[in-house]
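Would you mind keeping the following structure in view while I ask a few things?
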Amino acid sequence: MRGQYALLRLLLAGFMLYVAWPFIPQGTTFLAQLFWGGWLIFFLLVIGANSASLLQMIQLPIMEQKKERQRKTYNH
C-alpha cells in the first residue's frame, strides 16, 4: 500500500513525458527552450521524489501517513 500513490504519480509523469516529447524539438525560440528546460527539470524532480518514496528513502506525505494510520487502526 505504501508505494501505490508514488507508482501512480510515476506513471502519470511518464505519460506526460510521452505526450510532450514530440513537441520539445519544435521549441526554437529562447523562451520555448527555457520553458522545455524548466519542464524537464520539474519532470526529473517528480521522478526523483516519487522514486525515493517508492524505495522508502523518505517519509510518506502527510495525506498518505494519515491513510496508513487509519488502515492500521481499522485492522487491529
Side-chain angles (χ1 to χ4, degrees):
M1 177 81 179
R2 178 179 167 88
Q4 181 180 8
Y5 292 115
L7 186 60
L8 288 173
R9 287 187 294 256
L10 285 170
L11 289 172
L12 179 63
F15 175 73
M16 294 235 182
L17 180 65
Y18 173 77
V19 170
W21 193 258
F23 299 103
I24 292 175
Q26 294 177 0
T28 55
T29 65
F30 174 73
L31 189 59
Q33 290 175 351
L34 188 65
F35 170 78
W36 286 116
W39 193 90
L40 287 172
I41 288 171
F42 180 71
F43 171 79
L44 291 174
L45 286 172
V46 168
I47 294 295
N50 285 296
S51 296
S53 177
L54 193 62
L55 296 172
Q56 299 180 0
M57 297 171 67
I58 59 175
Q59 263 190 339
L60 288 172
I62 300 293
M63 181 184 80
E64 293 178 35
Q65 286 178 8
K66 288 179 184 176
K67 286 185 179 181
E68 192 154 316
R69 268 189 248 122
Q70 287 175 351
R71 186 176 57 86
K72 285 180 182 178
T73 57
Y74 289 133
N75 288 338
H76 293 310

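In what follows, every heavy atom counts, from backbone to side chain, and hydrogens, waters and symmetry copies are set aside.
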**Message:** Once salt bridge (charged side-chain N to carboxylate O under 4.0 Å, His left out) is applied, what residue pairs with a partner in residues 12-25 remain, sequence neighbours excluded?
**Reply:**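 Salt bridge (charged side-chain N to carboxylate O under 4.0 Å, His left out) check on residues 12-25 returns no pairs.
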**Message:** With clusters defined by side-chain heavy atoms of hydrophobic residues (ILVMFWY) lying less than 4.5 Å apart, directly or transitively, does L54 cluster with L8?
**Reply:**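 Different clusters.
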Cut-off 3.5 Å, no hydrogens considered: what does the side-chain donor-acceptor table look like for residues 26-36, sequence neighbours left out?
unit_1, atom_1, unit_2, atom_2, d
T29, OG1, A32, N, 3.2

**Asked** Can you list every salt bridge (charged side-chain N to carboxylate O under 4.0 Å, His left out) pair that touches residues 9-23, not counting sequence neighbours?
**Response**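 Qualifying pairs: R9-E64.
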**Message:** Running the 4.5 Å side-chain criterion over Ile, Leu, Val, Met, Phe, Trp and Tyr, what cluster does Y18 land in, apart from itself?
**Reply:**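 The other cluster members (ILVMFWY side chains, heavy atoms under 4.5 Å, direct or chained) are F15, V19.
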**Asked** Do any pairs count as a salt bridge (charged side-chain N to carboxylate O under 4.0 Å, His left out) and have a residue in residues 17-26, sequence neighbours left out, and if so which ones?
**Response**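 Residue pairs with at least one partner in residues 17-26: there are none.
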Which side-chain N or O atoms in residues 38-49 pair as donor and acceptor under 3.5 Å with protein atoms at least two apart or in another chain?
none

